[in-house]
Protein chains: 2
Amino acid sequence: MGSESRCENCIIRQFNSLRAMSKEELKQVSDSKTSKVIKKGEAIFEEGEKLNGVFCVREGVSKLSKLSSNGKDQIVKLATKGEVMGQRSVIAEETSNLSAVAVNDMELCFIPKEAIVNTLHKNPDFTFEVLRLMAHDLREADDVIVNISQKTVKQRIAEAFLYLKSNYGEDEQGFLILTLSREDIANVVGTATESCIRIISEFKKKGLLKSSGKKLGILDEKKLRDLAEGF
Amino acid sequence: MGSESRCENCIIRQFNSLRAMSKEELKQVSDSKTSKVIKKGEAIFEEGEKLNGVFCVREGVSKLSKLSSNGKDQIVKLATKGEVMGQRSVIAEETSNLSAVAVNDMELCFIPKEAIVNTLHKNPDFTFEVLRLMAHDLREADDVIVNISQKTVKQRIAEAFLYLKSNYGEDEQGFLILTLSREDIANVVGTATESCIRIISEFKKKGLLKSSGKKLGILDEKKLRDLAEGF
DNA sequence: TTGAAAAGGTGACAAATATCATATATATTT
DNA sequence: AAATATATATGATATTTGTCACCTTTTCAA
């Protein structure tokens, strides 16, 4: 086993709460963790499932979503390299309220909950770090609530593209690095797929977006921003 | 100063994270806290304000809301006896993302952040308890997101009444103990005040709700529940 | 490599919801 | 108690968004 497969040496952890663990604790985590490769479209865990640990994203992006009674999926969060999924359920000792599906090919580590819970009760720095990140997630969730209930679908789609650009960046030709299907975008925004397609088409016609194959790119960020703000 | 004004003796704390504090820590909190009486409609803190501590609700209910760019308020959470407001901002060291306004006359304790942050870094049990409650809030926020984006206004209003009943109860005559204005209900649900009024009128005509003065009561809980579920 | 399946696209229409205007009831202040 | 402000109510109408039907393009597996 190469040394890069040890949590102690993993750069990913610099981006999440694991960085607050001691060498000792990390060693324990590393000894109990398992690595997983997940193909695009595959499920990592399902809503209602009891999680016996957390998942640390090493590569790729996962959508965390919840199925509503009418059969539609609402994407609540996208989890990226460095983020940990499933802590909420492990901490609250509840089944997961969300399901996680890979948006593209992923690599992740599974860390059994014992290693986490142990440290949570012993290392206040670690617990505080987890708390800090959860406080951040909660703020973002509040923002999503306000956006969904107060902005139009057009505004929210405009925002979604700005979010994709600022969080995942664009390639040399100006196309967004993270490509989501129209359906996924609709599920992030909370609208019907057809409405989403229609608005994206409109944005293309108006010169706000460009496309090439499956890729989409932002052409006029300022106008998109104005639109998102309601002008 | 009566002994009931000491945090060590306060029953309220049994309902929140403060119960995980040691006698010693509670003493420190108690010595630094101040009590406040807030009249219905008064603000406790504003969006964007830097909070120098947290507020523990001893009596009454507060609405935590966020102003959107179109001038409407979205109520994200109602905080009740035993709940602590403002921890998110104190923990993340950010200005508040929400403002808090008293829904009825309130009594609360202000605890300066030093007392909290100190304990957060020293007492893992306390930190874990705060974390557990925040995990719970986050789950609720996820549920709100799904509800707002997937359910109709009618369904959400039905849900709001069921929530008010199960969380605040009803009096001997079957009227909800917590009375919210139609505007507040609209802001919880994320709709226009007029739409909210219209639907409440409809519910009354259909025999699902009754009213007397400002008070509203649930007449047919089962039908209300079916409606909320989409039948 | 060729079909089937999935994703993207568009029109027509229906349904849900917001907005504006205005009226009435209720609460609050003087 | 009158005057004023605020909350509730309702109609008419506009706007937004969803739904259904159908078509084209792309993707992927046999």
Side-chain angles (χ1 to χ4, degrees), chain A residues 39-42 63 68-74 101 103-105 147-158 160 176 179-206 209-217 227-228 230, chain B residues 39-42 63 68-74 101 103-105 147-158 160-161 176 179-206 209-216 227-228 230:
Chain A
K39 285 234 173 311
K40 174 177 173 177
E42 283 178 8
K63 53 182 177 185
S68 74
S69 39
N70 67 31
K72 274 193 188 160
D73 238 16
Q74 173 68 35
V101 172
V103 169
N104 42 35
D105 291 350
N147 270 340
I148 289 199
S149 78
Q150 307 283 15
K151 296 198 169 181
T152 64
V153 171
K154 204 176 286 188
Q155 288 179 296
R156 284 179 270 147
I157 290 180
L176 292 168
T179 300
L180 293 178
S181 69
R182 311 295 150 111
E183 190 181 2
D184 279 344
I185 296 174
N187 290 344
V188 165
V189 159
T191 189
T193 309
E194 295 95 322
S195 301
C196 181
I197 289 175
R198 236 180 278 274
I199 289 171
I200 290 177
S201 299
E202 186 192 323
F203 284 178
K204 284 199 282 186
K205 269 181 210 134
K206 284 191 182 161
L209 297 178
K210 62 179 173 179
S211 68
S212 161
K214 303 223 69 158
K215 292 209 154 290
L216 283 167
L227 219 157
Chain B
K39 285 233 173 312
K40 174 177 173 176
E42 283 179 8
K63 52 182 177 185
S68 73
S69 38
N70 67 30
K72 274 194 188 160
D73 238 16
Q74 173 68 35
V101 172
V103 169
N104 41 36
D105 292 350
N147 269 342
I148 289 198
S149 78
Q150 308 283 16
K151 296 199 168 179
T152 65
V153 171
K154 203 176 285 187
Q155 289 178 296
R156 283 180 271 148
I157 290 180
F161 280 106
L176 292 169
T179 300
L180 294 179
S181 69
R182 311 294 149 108
E183 191 182 0
D184 279 345
I185 297 173
N187 290 344
V188 166
V189 160
T191 189
T193 307
E194 295 95 321
S195 301
C196 181
I197 289 174
R198 235 181 277 274
I199 289 170
I200 290 176
S201 299
E202 186 193 325
F203 284 179
K204 285 199 282 185
K205 269 180 209 134
K206 284 190 181 158
L209 297 177
K210 61 179 175 179
S211 69
S212 160
K214 304 222 69 157
K215 292 209 155 290
L216 283 167
L227 220 157

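We use all heavy atoms of the structure for the numbers below, so side chains are in, but hydrogens, waters and symmetry mates are not.
- E202(A) has a carboxylate O that lies under 4.0 Å from a charged side-chain N of K206(A), or vice versa, which qualifies the two as a salt bridge.
- From C196(B), atom SG reaches atom NZ of K154(B) across 13.0 Å, with rounding to the nearest 0.5 Å.
- One can place CD1 of I157(A) at 11 Å from C1' of dT17(D), the figure rounded to the nearest angstrom.
- In the interface, the side chain of R198(A) is not paired with the base of dG8(C) through any donor and acceptor atom under 3.5 Å apart.
- Residue K72(B) is in sugar-phosphate contact alone, with no base atom involved, counting any heavy-atom pair closer than 4.0 Å across all strands shown.
- For the pair I197(A) CD1 and dT19(D) C1', the interatomic distance rounds to 13 Å; values are reported in whole Å.
- Contact check, K204(B) against dA9(D): a side-chain N or O comes under 4.0 Å of OP1 or OP2.
- No donor-acceptor distance shorter than 3.5 angstrom exists from the side chain of S212(A) to the backbone of K215(A), with no hydrogens or angles considered.
- Mapped onto DNA chain D by nearest heavy atom, G190(A) and S195(B) fall at different nucleotides, with S195(B) at the one closer to the 5' end.
- No N or O donor and acceptor, one from the side chain of R182(A) and one from the base of dT25(D), sit under 3.5 Å apart.
- In this structure, F203(A) atom CZ and dG9(C) atom C1' are separated by 16 Å, rounded to whole Å.
- The distance between atom NZ of K154(A) and atom C1' of dT16(D), rounded to the nearest whole Å, is 10 Å.
- If you find the closest nucleotide of DNA chain C to S149(A) and to S211(A), the one lying nearer the 5' end belongs to S211(A).
- Distance E202(A) CD to dT16(D) P: 10 Å, rounded to the nearest Å.
- Within the 4.5 Å cutoff, the side chain of I185(A) has heavy atoms near those of the I200(A) side chain.
- Considering only the side chain of K205(B), dT10(D) comes nearest among dT8(D), dT10(D), dT10(C).
- An OP1 or OP2 oxygen of dT10(C) is reached within less than 4.0 angstrom by a side-chain nitrogen or oxygen of S201(A).
- The side chain of A192(B) has dA18(C) as its nearest neighbour among dC20(D), dA18(C), dG9(C).
- Regarding D184(A), its CG atom lies at a distance of 11 Å from the C1' atom of dA7(C), rounded to whole Å.
- With rounding to whole Å, E194(B) atom CD is found 10 Å from dA9(D) atom C1'.
- Nucleic acid contact class of T193(A) (heavy atoms, under 4.0 Å, all strands): none.
- Taking every side-chain heavy atom of K214(B) into account, dA27(C) is the closest of dA7(C), dA27(C), dT17(D).
- Using modelled atom types, one side-chain atom of Q74(A) and one backbone atom of V188(A) make a donor-acceptor pair closer than 3.5 Å.
- As a whole-Å value, the separation of I148(B) CD1 from dT17(C) C1' is 14 Å.
- Comparing dT17(C), dC20(D), dT17(D) against the side chain of V153(B) picks out dT17(C) as the nearest.
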